[in-house]
Q: 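Quick one: the structure is below, and I'll ask about it shortly.
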2 protein chains.
Amino acid sequence: MESFKYRELQQLLKSQIIKGVFKEGDLLPSENELSSVHDMTRTTVRHALQKMEKEGYIIKKKGKGSIVNLKKKRLGLLSFKGFSEVIGSSDEQVSNEILVGPVLQNWPNDFFYELGEEELSTDVYYLCRLRSVNEHVVMLEHTYIPNFGLEDFEKRVLINGSLFSTMVIDYQIEVTSMDQEVRAIKPDKITAKLLNVDKTDPILHAYRKYGTSKEGFFFYSSLFFNTKDYAIGSYFQ
Amino acid sequence: MESFKYRELQQLLKSQIIKGVFKEGDLLPSENELSSVHDMTRTTVRHALQKMEKEGYIIKKKGKGSIVNLKKKRLGLLSFKGFSEVIGSSDEQVSNEILVGPVLQNWPNDFFYELGEEELSTDVYYLCRLRSVNEHVVMLEHTYIPNFGLEDFEKRVLINGSLFSTMVIDYQIEVTSMDQEVRAIKPDKITAKLLNVDKTDPILHAYRKYGTSKEGFFFYSSLFFNTKDYAIGSYFQ
DNA sequence: TTTTTAAGCTTGTATATACAAGTTAGAGTT
DNA sequence: AACTCTAACTTGTATATACAAGCTTAAAAA
């Protein structure tokens with residue numbers, strides 16, 4: 001583990017944000033305060049904050065401060081959009097049901113991404129989750145996480161129901177990239193039933209490969225979306 | 001126009017990259033060279049380069065230099081991925097047919113995004129394009145561009161067949177954000193015929209709103225994808 | 001010839017400092 | 001009570017400097 005001052009501050013602030021020490025809309029301590037408290041120059045503090053802004057954790061405002069920003073622009077996160085309103089900020093109810101808890105198993109045959117030798121030599125955590133918005137099922141996700149030193153992963157409870165948050169806080173692994181393939185398909189029988197759609201209804205399918213800050217560590221998802229009630233919204237900048 | 005040293009360098013390098021002074025894979029001059037040539041500290045040069053890296057124009061490598069990077073990660077750009085190979089880098093043939101050239105017209109009724117008063121008070125350029133890969137039709141795109149001082153837009157030829165490049169070079173307008181809504185749908189009769197799919201085949205649909213560097217200037221697209229032969233690939237970091 | 005080493009390039013991290021410019025709250029005025 | 005303006009905060013831009021660490025190449029050693 002390389003250890004740089006700016007990186008340590010970054011990790012600290014990030015975990016504080018995720019843990020709720022600083023909440024959505026809060027101001028972080030000022031750059032001057034952070035620099036004196038953590039005994040580093042403001043330049044170093046700014047370096048840390050710039051990285052965090054780039055990753056979407058905060059928004060910096062001149063003359064104001066650094067504002068905590070959790071809902072937007074997190075990498076690979078897709079927000080569900082209603083036809084007129086955005087979900088999450090309003091009073092929509094989002095639920096996250098784990099159908100199959102993290103279980104250690106072998107890799108499936110004909111896996112959807114090509115795997116490296118190291119990956120193939122380990123077993124893999126499989127996780128199946130169902131997401132709903134206002135009682136409407138919108139997403140079915142199959143996740144595959146290689147068992148590279150994830151201690152007691154099957155015993156962890158997902159923080160905020162989020163795999164990403166859990167990885168950052170419990171394992172200091174940051175998701176840094178995402179590669180995705182999207183298609184419109186007709187659902188198979190089981191998927192149709194779980195998503196509560198007719199077998200003639202078109203659904204959306206995505207294969208994903210996530211890259212992380214841990215060298216050589218990737219994890220994978222196969223996702224099915226019901227876009228009848230809610231479209232998939234995404235925002236890039 | 002605010003004028004900062006780092007911003008001037010940024011603009012200069014960007015335009016040099018787009019004009020081809022520095023090509024894909026080239027190394028930019030080193031930070032020390034840039035700092036002495038343009039009479040600024042390396043810190044200021046680094047500030048400019050960091051912004052450019054964030055925008056995807058370059059990739060910085062420690063010990064190596066700043067590498068020009070045009071093909072990847074440009075905002076809102078979706079690459080088409082074959083089931084095994086990526087298109088564009090290999091010898092796949094991509095064609096871009098304009099079905100309806102830029103024509104000035106009124107806004108359609110019930111437009112898919114809510115429009116501002118200023119936008120509604122102008123007319124709009126409509127553009128309909130069909131993209132194919134190896135004779136397979138993969139995308140149908142309807143684009144709507146408000147006529148905010150776009151001189152002679154209907155006479156322009158799209159640079160590299162790209163609307164984005166044309167806007168940057170001919171009008172100095174940079175696309176800075178993209179908001180998108182995606183659904184899986186059954187095609188209507190006309191769309192099915194254009195995309196060369198059966199009317200029972202699921203296709204992918206997206207509404208898009210693009211934000212630009214020009215205050216208050218947005219443009220819009222409605223896109224239909226045939227994902228039977230090629231999935232939609234995207235990569236984020 | 002092959003390998004090792006070192007020098008000289010590159011970017012990355014960090015300190016110390018100064019002034020510019022946006023925001024806000026309170027003292028003083030009207 | 002309502003207003004103005006200043007003082008004190010905030011982040012943004014910029015300089016000058018130093019050393020660390022990754023990459024490349026060419027000289028030196030095996």
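Keep in mind that this is a model prediction, so the values were computed, not measured. Order of the sequence lines sets the chain letters (A, B, ...), proteins ahead of strands, with each chain counted from 1. No hydrogens, no waters, no symmetry mates; every other heavy atom, side chains included, goes into these values.
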Q: Using the side chain to side chain contact (heavy atoms under 4.5 Å, CB included) criterion, which residues pair with Phe148(A)? Sequence neighbours excluded.
A: Glu118(A), Glu119(A), Thr122(A), Pro146(A), Lys214(A), Phe217(A)
Q: Using whole Å, what does the distance between atom P of nucleotide dT10(C) and atom CG of Asn32(B) come to?
A: 6 Å
Q: Taking five pairs at each end of the helix from dT1(C)-dA30(D) to dT30(C)-dA1(D), what angle separates the two helix axes (nearest 10°)?
A: 10°
Q: Would you say CG of Asn106(A) has more than 12 non-hydrogen atoms from neighbouring residues, nucleotides or ligands within 6.0 angstrom?
A: no
Q: Just how far, in rounded Å, is P of dA20(C) from NZ of Lys62(A)?
A: 12 Å
Q: Rounded off to whole Å, could you give me the CD-to-P distance for the Glu53(B) and dT11(C) pair?
A: 12 Å
Q: State which residues pass ring-ring contact (aromatic ring centres under 6.0 Å, His included) with Tyr125(B); sequence neighbours excluded, sorted by chain then number.
A: Phe153(B)
Q: So which of Glu55(B), His47(B), Lys51(B) actually passes side chain to side chain donor-acceptor pair (under 3.5 Å) with Gln10(B)?
A: Glu55(B)
Q: Could you tell me the separation between the CD1 atom of Ile67(B) and the C1' atom of dT10(C), rounded to a whole number of Å?
A: 11 Å
Q: Are Phe218(A) and Tyr113(A) near enough that their ring centres are under 6.0 Å apart?
A: no
Q: Picking from Arg208(A), Glu141(A), Arg129(A), what satisfies side chain to side chain donor-acceptor pair (under 3.5 Å) with Ser221(A)?
A: Glu141(A)
Q: Between Arg42(A) and Lys5(A), which has a closest nucleotide on DNA chain C that is more 5'?
A: Lys5(A)
Q: Rounded to whole Å, please give me the gap between CG in Leu49(B) and P in dT11(C).
A: 8 Å
Q: Does Lys5(B) use its side chain to pair, donor to acceptor, with the backbone of Asp39(B) at less than 3.5 Å?
A: yes
Q: Mind checking what makes side-chain hydrogen bond (donor to acceptor under 3.5 Å, both in side chains) contact with Asn32(A), not counting sequence neighbours?
A: none
Q: Counting any heavy atom closer than 4.0 Å, what does Thr41(B) reach on the DNA or RNA strands: base, sugar-phosphate only, or nothing?
A: base
Q: How many whole angstroms separate atom CD1 of Ile58(B) from atom P of dT10(C)?
A: 15 Å
Q: From CG of Leu27(B) over to P of dC9(C), roughly how many Å is that when rounded to an integer?
A: 16 Å
Q: Under a criterion of less than 4.0 angstrom to any heavy atom of chain B, what are the 5'-terminal and 3'-terminal contacting nucleotides of DNA chain D?
A: dT13(D) to dT24(D)
Q: Rounded to whole angstroms, how far apart are NZ on Lys60(A) and P on dA21(C)?
A: 18 Å
Q: Under the side chain to side chain contact (heavy atoms under 4.5 Å, CB included) test, which residues partner His142(A), sequence neighbours left out?
A: Tyr126(A), Cys128(A), Leu140(A), Tyr144(A), Ser222(A), Phe224(A)
